[in-house]
Amino acid sequence: MVDTVTPAVEPGRDFIRDIVQADVDAGRVQGVVTRFPPEPNGFLHLGHAKSICLNFGVAQEFGGRCHLRFDDTNPTKEEQLFIDSIQQDVRWLGFDWGLHLYHASDYFEQLYEWAEHLVRAGKAYVDDTPPDQMRQQRGTLTEPGQNSRFRTRTVEENLDLFRRMRAGEFPNGARVLRAKIDMASGNMNLRDPVLYRILHATHPRTGDAWCIYPTYDFAHGQSDAIEHITHSICTLEFEDHRPLYDWLIENLPVPSRPRQYEFARLNITYTVLSKRHLTRLVTEKHVRGWDDPRMPTLAGVRRRGVPPAALREFVRRVGVARAYSVVDVAMLDSAIRDTLNPSALRRMAVLRPLKLVIENYPEGQTETLEAQNHPDNPDAGARPVTFSRELYVERDDFMENPPKKFFRLSPGKEVRLRYGYFITCQSVVKNDAGDVVELRCTYDPASRGGNSPDGRKVQATIHWVSAADAVQAEVRLYSHLFNRPDPGADGDALADLNPDSLEVLTDALVEPALRDAKPGEAVQFERTGYFAADPDSQPHRPVFNRTVGLRDTWAKVATKA
RNA sequence: UGGGGGAUAGUUUAGCGGUAAAACUCCCGGCUCUGACCCGGGCAUCCUUGGUUCGAAUCCAGGUCCCCCAGCCA
């Protein structure tokens with residue numbers, strides 16, 4: 001695993017850390033305790049990475065701790081598969097919850113007791129109103145709601161009914177437990193929110209022990225209180241829930257007083273970050289799975305070759321604020337390159353091979369040249385590469401009729417073969433269709449190793465592999481999954497899928513050193529990009545994923561010309 | 001026409017009464033055995049209108065625009 005150790009980067013300041021700092025300074029909290037509370041109904045994605053880095057980061061910086069708590073209150077949507085993948089992903093990102101792994105379901109009995117407490121206090125009631133009617137009674141954004149006719153039930157009746165709900169006497173949807181707050185509130189969440197619903201479903205952890213389950217609102221804050229969470233950090237859409245969060249905390253005999261703070265969720269251009277959309281991409285087979293390298297899931301970017309340190313750096317650069325925002329995906333790419341550049345070993349790989357024959361190089365002769373594993377880091381050592389009369393170079397590195405700014409090979413032009421010799425293109429061989437299928441060149445024997453004794457300069461250095469010992473490989477090039485920066489802005493996001501997000505090159509040729517590349521190990525294909533072996537690799541046939549391309553100034557120049 | 005939030009370069013952030021800072025993108029140039037990396041330089045009427053003040057992105061008042069909320073999802 002390539003995980004560049006970034007020497008103590010200052011975490012960055014933001015309003016959340018300011019609040020925590022102020023609470024610590026004022027002695028309002030004894031120690032800082034945060035939590036990352038995923039619902040196990042999908043894989044973690046880049047948006048979660050922001051939340052994870054924030055919650056675990058804050059805890060780390062203030063010498064506190066961060067819990068991993070599964071918000072598993074809806075058994076109809078949650079699965080063990082997700083519970084497992086989430087833990088793997090959080091660890092991979094570089095965070096450790098220690099012994100503090102919890103589930104909202106751990107607290108079901110306590111939550112139930114607190115629900116009865118509310119009933120006894122006359123602050124909650126069982127409502128038999130059917131769902132559609134309840135919706136009507138809730139009113140609208142501008143009109144107040146109406147009290148349910150069951151709102152005035154006696155404590156005794158409520159208690160009896162609620163217990164019978166738990167006992168399984170009623171079918172799904174027949175009744176709910178509601179908080180008795182204010183049907184005329186401008187805040188919809190305060191119009192007698194549902195606290196418990198009947199769900200005859202098997203829970204991944206509690207099995208069939210329960211047939212009533214607490215809603216998010218009733219479970220979350222109380223779970224925070226049980227765990228003595230000091231700062232409950234969530235995204236902006238829960239802002240309206242804070243009054244309810246506080247109401248429940250204040251009306252229940254909870255053991256601590258957590259506070260909720262909200263920040264803006266992460267959005268990225270050309271990307272979609274919602275469980276609903278990601279789930280559709282997988283179930284409708286638009287991608288190969290949750291870990292498809294094009295997916296913005298942690299499993300996906302991991303398979304693509306992105307090191308966790310790059311994600312942490314990305315999140316740090318993005319910052320934390322309360323304003324709605326959409327981050328340029330280029331910022332992610334940049335963080336990935338900056339993380340990989342210092343550590344990724346350099347290799348030569350020809351993605352689209354073009355045969356090149358050196359006419360004045362003796363047939364049958366080979367020689368061993370030395371190539372640096374990392375030009376900026378001599379400690380990375382060197383490797384031998386075999387040179388011979390027949391080579392392959394990148395198709396894009398030759399143009400028969402080059403524009404003025406083209407520095408690479410063209411008829412009569414001299415370039416350097418990386419770590420090899422200066423060569424000059426003498427002629428081209430074409431097939432019947434007129435396509436260039438082979439380059440005939442000559443080399444300068446005096447330029448061995450890459451420099452000519454006469455001090456002659458060349459405009460370009462290109463990469464190559466020798467024909468005899470090149471390893472055939474499959475290379476998968478990925479680009480944005482969506483073809484517009486704001487997928488879904490005009491309707492269905494899936495209609496904006498980029499049909500060319502995956503390009504598979506089956507005839508790439510890579511140098512022998514790449515034969516046994518391990519998945520998760522990042523390498524740089526010189527002049528091309530950062531790549532990582534895919535788990536699909538076979539011993540005789542490696543498969544590489546392009547993690548991210550190198551910055552390509554020539555591509556811009558070429559486009560403008 | 002309710003309630004809750006938010007507006008600083010193209011993007012994401014900093015700035016907390018003293019004359020706009022950083023990263024990314026983009027543009028120009030330098031360096032180069034990766035057209036990479038690296039190094040220079042360029043790119044802002046701080047949403048708006050008034051007010052307070054010697055001085056306002058920061059304080060006050062009024063507008064404008066954007067986001068979230070009417071699940072027995074989270």
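Reckoned from all heavy atoms, side chains included, excluding hydrogens, waters and symmetry mates. Proteins come first, then strands; the chains are lettered A, B, ... in the order of their sequence lines, and each starts at number 1.
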Can you tell me, in whole Å, how much space there is between the C1' of B:U32 and that of B:C37? 9 Å

Could you tell me how far B:C47 sits from B:A56 if I compare only their P atoms? Round to whole Å. 15 Å

Got a sec, which residues hit ring pair (Phe, Tyr, Trp, His ring centres under 6.0 Å) with [X], two or more places apart in sequence or on another chain?
X	value
A:Trp290	A:Phe43, A:Phe82
A:His220	A:Tyr216
A:Phe407	none
A:His103	A:Phe70

Look for any protein N or O under 3.5 Å of an N or O in nucleotides 23-29 of chain B and output each such pair with its distance, or none.
| unit_1 | atom_1 | unit_2 | atom_2 | d |
| --- | --- | --- | --- | --- |
| B:C26 | OP1 | A:Lys556 | NZ | 2.9 |
| B:C26 | OP2 | A:Lys556 | NZ | 3.4 |

Taking salt bridge (charged side-chain N to carboxylate O under 4.0 Å, His left out) as the test, write out the residues that go with A:Arg138, two or more places apart. none

Considering residues at least two apart in sequence or located in another chain, which fulfil the salt bridge (charged side-chain N to carboxylate O under 4.0 Å, His left out) criterion with A:Asp106? A:Arg205

Give a yes or no answer on whether the side chain of A:Thr140 reaches the backbone of A:Glu143 with a donor-acceptor pair at less than 3.5 Å. yes

Residues in side-chain contact (heavy atoms from CB on, under 4.5 Å) with A:Arg418, at least two apart? A:Met348, A:Pro375, A:Thr461, A:Trp464, A:Glu526

Heavy atoms from C-beta onward define the side chain here; which of B:A74, B:U12, B:U34 lies closest to that of A:Val327? B:U12

Atom pairs under 3.5 Å: protein N/O with N/O of nucleotides 46-48 of chain B:
none

Pair A:Tyr421 and A:Tyr443, ring centroids less than 6.0 Å apart: yes

For nucleotides 56-59 of chain B, give me every protein contact, N/O to N/O, under 3.5 Å, one pair per line with atom names.
none

List, with names and distances, any nitrogen or oxygen atoms from the protein found under 3.5 Å away from nitrogen or oxygen atoms belonging to nucleotides 66-71 of chain B.
| unit_1 | atom_1 | unit_2 | atom_2 | d |
| --- | --- | --- | --- | --- |
| B:A70 | O2' | A:Arg138 | NE | 3.4 |

Between A:Trp554 and B:G35, do the rings stack, that is, sit under 5.5 Å apart with planes less than 30° off each other? yes

Which pairs with one or both residues in residues 167-196 of chain A pass ring pair (Phe, Tyr, Trp, His ring centres under 6.0 Å), sequence neighbours excluded? A:Phe162-A:Tyr196, A:Tyr196-A:Phe218

